[in-house]
K.L.:
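Submitted below is the structure of interest, expressed as structure tokens.
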Amino acid sequence: MPVIVKYTSQESPHAREIVPGKCLPRPFEFAPLRKLHIVVAGVYFVFNSSLGSSIASGAHDGIADEFHIPKESIRMVLPTSLYMAGFAIGPVLFGPLSEYFGRKPVLVITIAIYLIFTMACAVSPTFPALLAFQFFCGLGGSAPNAILGGLFSDIYDDPHQRGLAMSWFMFATTFPPLLGPIISGFISEITWRWTFWAGLIIGAPGFPLLLTMPETYVPVLRQRHEKSHNEKQTTEKSLSGRCSGTRGFSNEMSTILSRPFLMFIREPIVFCCSLYLALIYSILYLYFQAYPIIFHGLYGLSAGVVGLAFLPILPGSIIAFIIVFMYSSYYSKALRAELSWAKLEEYRRLPLACIGAPGIPIALFWLGWSAKLSMHPVMPMMSGIFFGFGYLLIFVALLNYLTDAYKQFSASASAATSTLRSIFAVFLPLATTPMYNKLGINWASSLLGLFSLAMAIVPFVFIRNGVWIRANSKFVQKAQ
């Protein structure tokens with residue numbers, strides 16, 4: 001029997017009175033402080049897992065020297081690539097599982113895995129062991145990327161508030177990968193192992209935030225309350241229902257785990273957003289290989305200073321972040337004024353992606369054609385402003401659009417996008433050195449710029465045809 005959770009003015013939102021015959025609370029009934037707790041906990045570990053994805057890149061030389069590997073060997077790309085391989089596999093497991101077991105248990109277990117294997121990386125006895133530990137770090141660290149869209153959809157019924165929370169989430173995925181090479185570039189001069197100890201020191205203090213976080217997924221809460229109020233079944237019924245229950249569980253898990261793949265194949269919104277985000281995301285990780293080629297190989301800068309070359313991406317992201325807040329407020333005012341254009345769902349998010357889309361090709365063409373000895377290295381570094389600007393706007397717009405469209409299935413939609421972009425981030429960096437050596441800095445960067453220019457059409461297509469696409473989507477209609 002469905003239940004409702006009622007709160008008195010003196011009670012915490014977690015002091016629940018169960019009333020049979022009603023429904024569970026809507027998301028906005030979480031207390032504001034509880035919502036803040038959930039957002040901070042989620043963003044904190046997105047920050048840490050994103051930091052972990054690049055923290056090995058600045059320790060490249062130290063790891064190579066320790067394990068007697070040539071610095072130019074393609075094997076030295078593997079610590080970052082295997083982390084991203086874990087990032088690719090994890091979302092298709094943890095996103096759907098959070099729609100079955102709930103958000104909290106999946107996050108707690110996966111973040112514990114991330115912290116344990118970060119410590120293991122710091123004490124790795126061999127290079128293969130380091131690679132294995134990096135994979136499991138990425139596997140555990142991938143969960144927040146897959147789950148947070150659904151988590152914020154659970155607690156925020158207002159799209160404006162949900163959009164702002166998602167903006168913080170995306171900002172936390174943008175800045176840490178840039179910070180990783182700076183931290184490891186300087187700390188690895190002592191020992192490369194301290195780069196992983198630093199990651200553990202940054203991440204571990206936030207674990208209590210997850211342990212004290214409430215469950216947010218309403219179907220799981222409903223199931224728990226129904227189970228606690230159902231009458232106990234007789235032994236005979238329990239025994240006779242065990243086999244059918246096992247079959248039912250198996251079928252349900254098969255449906256849940258296949259959902260991200262089905263959404264990727266059958267949903268044009270998920271498919272196109274996944275491809276566009278995968279390209280942009282993999283270019284960011286390609287930079288971790290390309291920047292040393294440009295700023296160390298061409299200009300002769302040290303590893304620590306090469307890490308500083310990523311800093312211009314930050315002000316670009318901050319400018320984008322400000323634009324997100326300004327547009328969100330503008331849209332909310334237009335919606336309250338009942339302007340016709342604001343009533344179309346596509347105008348809630350996608351204009352941000354249209355604004356940001358030109359930033360990526362501009363950044364790549366700028367980087368490619370300003371990187372020459374006749375120009376100061378600050379010139380190609382400044383291309384990062386446009387990259388950070390475009391990157392954050394595109395991610396905020398498209399991930400919010402997925403969350404708005406698919407609601408309770410948004411974790412599976414996010415899992416599909418997260419997996420594809422992580423796969424791209426594994427393989428595209430492997431091609432960086434051969435591509436830049438064969439084509440040169442200018443044409444290699446220009447080739448990527450042309451791909452990003454071609455994909456920039458995606459948000460414009462959805463603005464024009466998104467209403468029709470959503471109306472003919474099985475998952476969107478079911479989520480409604």
K.L.:
Would a distance-only check, ignoring hydrogens and angles, find a side-chain to backbone donor-acceptor pair under 3.5 Å from Lys104 to Leu211?
P.N.:
yes
K.L.:
Under 4.5 Å between any side-chain heavy atoms of Trp194 and Ile201, yes or no?
P.N.:
yes
K.L.:
Would you say the rings of Trp168 and Phe321 are close, in the sense that their centroids are separated by under 6.0 Å?
P.N.:
yes
K.L.:
Taking the six-membered ring for Trp, is the centroid-to-centroid distance between Phe117 and Phe135 below 6.0 Å?
P.N.:
no
K.L.:
The criterion is side chain to side chain contact (heavy atoms under 4.5 Å, CB included); which residues satisfy it with Ile457, sequence neighbours excluded?
P.N.:
Val461
K.L.:
Can you tell me if Trp366 uses its side chain to pair, donor with acceptor, with the backbone of Met379 under 3.5 Å?
P.N.:
yes
K.L.:
Any chance you could measure Ile313, atom CD1, to Met381, atom CE, to the nearest 0.5 Å?
P.N.:
11.5 Å
K.L.:
For Ser184 and Trp192: C-alpha separation, side-chain torsions, deciding distance, then whether side chain to side chain donor-acceptor pair (under 3.5 Å) applies.
P.N.:
CA-CA 7 Å; Ser184 56; Trp192 65 269; over 6 Å; no
K.L.:
Pairs in or reaching into residues 311-332: which pass side-chain hydrogen bond (donor to acceptor under 3.5 Å, both in side chains), with residues at least two apart or in two chains?
P.N.:
His160-Ser328, His160-Ser332
K.L.:
To the nearest 0.5 Å, what is the distance between CD1 (Ile294) and CD (Gln289)?
P.N.:
12.0 Å
K.L.:
Any idea which heavy atoms bring Ala56 and Ile63 closest together, and the distance?
P.N.:
O-CD1, 4.3 Å
K.L.:
Report yes if the side chains of Ser282 and Met84 come closer than 4.5 Å at any heavy-atom pair, otherwise no.
P.N.:
no
K.L.:
Which atom pair, heavy atoms only, marks the closest approach of Tyr436 to Ser445?
P.N.:
OH-OG, 2.9 Å
K.L.:
Sequence neighbours left out, what passes salt bridge (charged side-chain N to carboxylate O under 4.0 Å, His left out) with Arg421? Give chain and number order.
P.N.:
none
K.L.:
Would you give me the side-chain donor-acceptor pairs under 3.5 Å for residues 90-98, sequence neighbours excluded?
P.N.:
from: Ser98; atom 1: OG; to: Gly95; atom 2: O; distance (Å): 2.7
from: Ser98; atom 1: OG; to: Arg103; atom 2: NH1; distance (Å): 3.0

K.L.:
Could you give me the CA-CA distance, side-chain angles and deciding distance for Leu51 and Ile183, then say whether side chain to side chain contact (heavy atoms under 4.5 Å, CB included) is met?
P.N.:
CA-CA 10 Å; Leu51 179 68; Ile183 293 174; 4.1 Å; yes
K.L.:
Looking at every heavy atom in both His296 and Leu301, which two are closest together, and how far apart are they?
P.N.:
ND1-O, 2.8 Å
K.L.:
For Ser53 and Tyr285, test the side chains for any donor-to-acceptor distance below 3.5 angstrom and give the result as yes or no.
P.N.:
yes
K.L.:
Going from CG on Asn442 to CG on Leu364, what distance comes out if it is rounded to the nearest 0.5 angstrom?
P.N.:
13.0 Å
K.L.:
Less than 6.0 angstrom separating the ring centers of Tyr287 and Phe310, yes or no?
P.N.:
no
K.L.:
Look at the aromatic rings of Trp443 and Trp369 and report parallel, tilted or perpendicular, splitting at 30° and 60°.
P.N.:
perpendicular
K.L.:
What is the distance from atom NE2 of His37 to atom CD1 of Ile155, rounded to the nearest 0.5 Å?
P.N.:
10.5 Å
K.L.:
Would Ile283 and Phe387 satisfy side chain to side chain contact (heavy atoms under 4.5 Å, CB included), going step by step from the backbone distance to the final call?
P.N.:
CA-CA 10 Å; Ile283 290 173; Phe387 185 84; 3.6 Å; yes
K.L.:
Report the distance from atom CG of Leu367 to atom CD1 of Ile441, rounding to the nearest 0.5 Å.
P.N.:
8.0 Å
K.L.:
Show the nearest heavy-atom pair for residues Pro70 and Met76, with the distance to one decimal.
P.N.:
O-CG, 3.8 Å
K.L.:
Can you confirm whether Phe386 sits close enough to Pro361 that some side-chain heavy atom of one is under 4.5 Å from a side-chain heavy atom of the other?
P.N.:
no
K.L.:
Throw together a table of side-chain donor-acceptor distances under 3.5 angstrom for residues 389-401, partners on residues two or more places apart or in other chains.
P.N.:
from: Asn400; atom 1: ND2; to: Val396; atom 2: O; distance (Å): 3.0
from: Tyr401; atom 1: OH; to: Glu346; atom 2: OE2; distance (Å): 2.6

K.L.:
Check the angle between the aromatic planes of Phe169 and Phe152 and answer parallel, tilted or perpendicular using the 30° and 60° thresholds.
P.N.:
perpendicular
K.L.:
So, for Val458 and Cys272, which heavy atoms are closest and what is the spacing to 0.1 Å?
P.N.:
CG1-CB, 4.2 Å
K.L.:
Would you mind reporting whether Ile293 and Thr433 have side-chain heavy atoms less than 4.5 Å apart?
P.N.:
yes
K.L.:
Counting neighbours of CZ on Phe325 that are heavy atoms of other residues, nucleotides or ligands and sit closer than 6.0 Å, is the number greater than 12?
P.N.:
yes
K.L.:
Do the side chain of Gln161 and the main chain of Tyr156 share a donor and acceptor less than 3.5 angstrom apart?
P.N.:
no
K.L.:
Please tabulate, for the side chains in residues 118-127, all donor-acceptor contacts under 3.5 angstrom to protein atoms that are two or more places apart in sequence or on a different chain.
P.N.:
from: Thr118; atom 1: OG1; to: Tyr114; atom 2: O; distance (Å): 2.7
from: Ser124; atom 1: OG; to: Ala120; atom 2: O; distance (Å): 3.2
from: Ser124; atom 1: OG; to: Cys121; atom 2: O; distance (Å): 2.9
from: Thr126; atom 1: OG1; to: Ala129; atom 2: N; distance (Å): 3.2

K.L.:
Roughly how far, to the nearest 0.5 Å, is the CE atom of Met375 from the CG atom of Leu298?
P.N.:
12.0 Å
K.L.:
Tell me whether Leu33 at atom CG has more than 12 heavy atoms from other residues, nucleotides or ligands lying less than 6.0 Å away.
P.N.:
no
K.L.:
Using a 4.5 Å cut-off on heavy atoms from C-beta on, say whether the side chain of Pro144 contacts that of Ile111.
P.N.:
yes
K.L.:
Can you tell me if Thr419 uses its side chain to pair, donor with acceptor, with the backbone of Ala88 under 3.5 Å?
P.N.:
yes
K.L.:
Below 4.5 Å, heavy atoms only, C-beta onward: do Phe45 and Leu210 meet side chain to side chain?
P.N.:
yes
K.L.:
Quick one, Tyr406 and Ile269 - any side-chain contact, counting heavy atoms below 4.5 Å?
P.N.:
yes
K.L.:
Quick one: are Leu448 and Phe365 in side-chain contact, heavy atoms under 4.5 Å?
P.N.:
no
K.L.:
Apply side chain to side chain contact (heavy atoms under 4.5 Å, CB included) to the pair Ser452 and Leu279, showing each step before the final yes or no.
P.N.:
CA-CA 7 Å; Ser452 64; Leu279 176 64; 4.2 Å; yes
K.L.:
Under 6.0 Å from the OH atom of Tyr281, do we count more than 12 heavy atoms belonging to anything else shown?
P.N.:
yes
K.L.:
Looking only at heavy atoms, what is the nearest atom pair of Thr432 and Ala290, with distance?
P.N.:
CG2-N, 3.8 Å
K.L.:
Under the side chain to side chain contact (heavy atoms under 4.5 Å, CB included) criterion, do Ile265 and Phe271 qualify, and how do the steps go?
P.N.:
CA-CA 7 Å; Ile265 294 169; Phe271 179 79; over 6 Å; no
K.L.:
Looking only at atom types and distance, does a side-chain atom of Tyr299 sit under 3.5 Å from a main-chain N or O of Lys372, one as donor and one as acceptor?
P.N.:
yes
